[in-house]
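Residue numbering restarts at 1 for every chain, and letters A, B, ... go by the order of the sequence lines.
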Amino acid sequence: MALPLAAHVRPGRPAHAPVGERLNELLAVSRWPYTQPPMAKRIAELQDRTRFDPAEVEPRMTERWLSSGLFHPEPDGEASENYSIAIPPPNVTGSLHMGHALNGTIQDVLIRYRRMSGRRTKWILGTDHAGIATQAQVEKALAAEGTSRHELGREGFVERVWDWREHYGHAIVEQLKRLGASCDYSEERFTLDEGYARAVVEVFVRMYEKGYVYRDRYIVNWDPGSRSAISDLEVEERRETDTLYSIRYDLEGGGEVTIATVRPETMLGDTAVAVHPDDERYRALVGRSAILPLVGRHLPVIADEYVKMDFGTGQLKITPAHDPNDFEIGARHDLDQVSVIGEDGRMSAEAGERFAGLSVMAAREAVVAALREEGRIVAEEPYEHEVPYSHRSGQRIEPLISLQWFMDMSELAKPAIAAVNDGLVRVVPDNHRRVYLDWMAGIRPWCISRQLWWGHRLPVYYCDTCSHVHVASAPPERCAQCGGHLRQEEDVLDTWFSSALWPFATLGWPEQTPQLRAFYPTDVLSTARDILFLWVARMIMMGIELTGQVPFSDVYIHSVIQAPDGRRMSKSLGTGIDPLQEIERHGADAVRFGLLATSSTQDVRYSAEKVQQGQALANKLFNATRFALLRVHASLGAQAAAELEPEPLPSTVEDRWILSRLAQIESDTAARIEDYDFSHAALGLYDFVYRELCDWYLEIVKPRLPDLEPGEGHAPAPERERLAATLLHVLRQTVALCHPVIPFVTEELWSYLDGGGGLLAAAPYPCADESLTDLQAEVELERAIEAVVAVRGWRDSVGARAGAAIPARLCAEGYETVAPLLERMARLRLDGDGPAEAVASIAVPGGTIEVLSAEGLDLHAAERRRAAAREKIEAEIARVRGKLENPGFVAKAPASVVEGERERMRRLSAELEAL
RNA sequence: GGGCGCGUAGCUCAGUGGGAGAGCGCUCGCUUCACACGCGGGAAGUCGGUGGUUCGAGUCCACCCGCGCCCACCA
């Protein structure tokens, strides 16, 4: 295998470190013993493989990759010269959905591209324990068995979850292999692994010691579904229509106030009534007392600026224990907190005998009924507002006061804001940058404790005797204060607390491991925007705080894939499309291509057509290669074919043209991948393979590389060898170029194209050879193509038989080098001689083609066509003339544009003249 | 309420201030010796609307209409 080292070094970009050494290392890996039949036999078998069959090929290629060890890099070198990506860890119980498939493909393109470009690459793989989701899933299974976590007890339950993980936790990893993802499968991480857990505890302790982590009684988003507090980010607001009740409260010593609420049941916990301090209407009320209906509690009337004078009556009930705003107001005015709703989502004893034990909704009805009986409901009206729901359990959030652990984020946010502002972390596309910055600027404390059993238990120990609180990475034996017995905190940490450490905890942090040195910081974090705050922002904050470095230099936010009808893809809506099913149907290459081609800087709809297009591309490339191999072998003989060294040896204009176009697509593709412009990368490759390579180059070149059977008139053997070398060079480069996008079919084809038996995944990525750029050849061939297309259209419109060659004369400039191919591709016979009088003429760039025989042609149609062509040219001329006669245009437009229009005018005039 | 984004061919979407494009679908023709998951030809568009900037606007600006998404503590 030829190894031009220069091919690894793209001009204008830094060569990343010991390239030669790297290559050898890669090659040692790719030369693993892979026995296959001799090439001649394989080529013969290729004769019958008229289609690319993904189901047959893909498992073989996966097997080759995995057993080669290529995906596992030794932890050598420095992170700055290596390339690494930490996969967003999927939930351990999850299965591959479209988002995973797209993100997996994107990351794999980046990884494969960098690996082929000579970088030591590591794609860090692992799964997330996903506290609430996993616990809920196992609890559901237990319920089906007629038992519950409470019956099993904490230890038994956690053991059951680990069993569950053993059984179901590997599905998604296998699915990633199916997709072709080149993760380092030999070092899979899990956020609850022993080492990882040590890192989590370490971080908690450090944050506690810095004073960021604290315990507080605070109003939290209580999720009755998971029986746990959840963070603000896990709350989703839904628009709902409720009834807004206006309720009359009597004032002590006469008078009344009227408050409005959509949650009458919470009035049982009211501890004040508030008005705005500037509200003239109610100034006299401040300082008096209202009497809470049904309860009889005396409520001070207070003044607070939070109250909107122009909303409702301007009189507001205050329930500090069950409303976040009221909680704040209560704190300002030192109000009592009366909790009338419990953690089970039912009314508590404090709600009074009449209501205790009722669900919130039942209590609402009961309270309204009771108030109505007393004639206190002044008004009822439908009211649309936002209602908080748990993103996790789907249940309505119940704000209530609870003792929880929090982390203050304000200090952590500062350097994380600076990192993005200063470009240390680049956000692509850029518009997400401001979203990040806005959120970070207003960051609030993070409730990190969860009342679950599945997760990292807080390293907090309470003394039974003196209630001293110990926070330590190793459990202390006894209370340091009084020697009393210690009890560990029951709560576990929010899953995102451990996820925030992902890029470095997976590499062995806090130990200074070789892995950490080699692969941290990582290069890019690719994800959908829904976890920008939940995860990405927190990784940046924690990364900077704990390692002193940003965890990645790029954040790439990819599209969200919607159902084809534009709705959200979801199981519950029935709008989900299973990527694995699509892979079964069309092949992994097709799905990868389709997803990349669809992806964009905004949300996109799933496109079965684009997947189809990918399948077509895989098949096309397979057949193009198959054609070239079979032809070369037939034309040169097996011996010469086996000894042939593919290299660019252009002898004709089409050779120079395709090599020039190849250089172009090579630099385009590299640039697009580096710019995260995956759709154009994929579609650009499609265009190159279809249009330039297959439709034109292969078709033009066919007669130069004959099946040798008829024997007469073949090009001499050295000419055939030059063409074969060029053709195979172009195919090798094209196949390699496509590899990051469609790895399976290209790896299979490489096993035919590469004599050395190496892996394409380890081969150098093609690099544009600028010396092969040939603008002259491009101009000449573009002109020929335009002419061929014009003649074909003309032929079709006059009913020429498909195969019949038409006698004609070329009356146009600039076809010296391309006349033979024009003749053949357009099925003309350009004898030159013949009757002087043409029967018809076809407009082509730079002139016409005169048709010399009307045999079998519909000349009326030909005339109509000629007239149409003339009309089109005239219209075009009129447009250009209009421009050129506009003094403003000539005076103000750039000279090159003006000259371009003049040139066009000359060309069009010549064509019109010729017609 | 604040922010971001989108309206281009029947559908899904590209489009860099200077000749409106692709894939699919539709249609006509080809059993052309790589591929019928193929090849060749064709039809199909007041680029959401109205103004403005400019020699020139699908592209830049303003407003309007329609549709998404994110953030936000008005009962």
Proximity to the side chain of Q613(A) - top-ranked nucleotide from G23(B), G18(B), A75(B): G23(B)
Starting from the 5' end of RNA chain B, give me the residue, D323(A) or P564(A), whose nearest nucleotide shows up first. P564(A)
For R879(A), what residues pass the salt bridge (charged side-chain N to carboxylate O under 4.0 Å, His left out) criterion, not counting sequence neighbours? E876(A)
Spacing of the C1' atoms in U53(B) and A57(B) (rounded, Å): 10 Å
Does S607(A) place a side-chain N or O at less than 4.0 Å from the phosphate oxygens OP1/OP2 of C24(B)? no
When rounded to the nearest Å, what value does the distance between C1' atoms of G58(B) and A20(B) take? 8 Å
Donor-acceptor side-chain pairing of D603(A) and S559(A) below 3.5 angstrom: no
Give a yes/no answer on whether the side chain of Y383(A) brings an N or O atom under 4.0 Å of OP1 or OP2 in A75(B). yes
Given that both distances must come in under 3.5 Å, which nucleotide forms a Watson-Crick or G-U wobble pair with C11(B)? G23(B)
Pairwise C1' distance, G56(B) and G48(B) [rounded to whole Å]: 23 Å
How far, in whole Å, is C69(B) from G51(B) if one measures between their P atoms? 32 Å
Could you check which nucleotide pairs with U16(B) in any of the strands shown, counting Watson-Crick or G-U wobble with both distances under 3.5 Å? none
Expressed as a whole number of Å, how far does the P atom of U16(B) sit from that of G5(B)? 15 Å
Determine the interatomic distance between P on C60(B) and the same-named atom on C4(B); round to the nearest Å. 15 Å
In whole Å, measure the gap between the P atoms of A43(B) and G38(B) for me. 22 Å
Between G3(B) and R434(A), counting only base atoms on the nucleotide and side-chain atoms on the residue, is there a donor-acceptor pair under 3.5 Å? no
Answer for the Watson-Crick or wobble partner of G66(B), both distances under 3.5 Å, is C6(B)
Given atom CD of E609(A) and atom P of A14(B), what is their separation to the nearest angstrom? 15 Å
In Watson-Crick or G-U wobble terms, both distances under 3.5 Å, what is the partner of G29(B)? C39(B)
Could you check whether E234(A) and S231(A), counting side-chain N and O atoms only, form a donor-acceptor pair closer than 3.5 Å? yes
Phosphate oxygens OP1/OP2 of G41(B): is one of them under 4.0 Å from a side-chain N or O of R795(A)? no
Using both distances under 3.5 Å as the test, list the Watson-Crick or G-U wobble partner of G56(B), or none. none
Assign each of W794(A) and M309(A) to its nearest nucleotide of RNA chain B by heavy atoms, then name whichever residue's nucleotide is nearer the 5' end. W794(A)
In B/S/- notation (B base, S sugar-phosphate only, - none; protein heavy atoms under 4.0 Å), nucleotides 29-40 of chain B written 5' to 3' is -----BB-BSSB
I'd like the C1' distance from A62(B) over to U54(B), given in whole Å. 16 Å
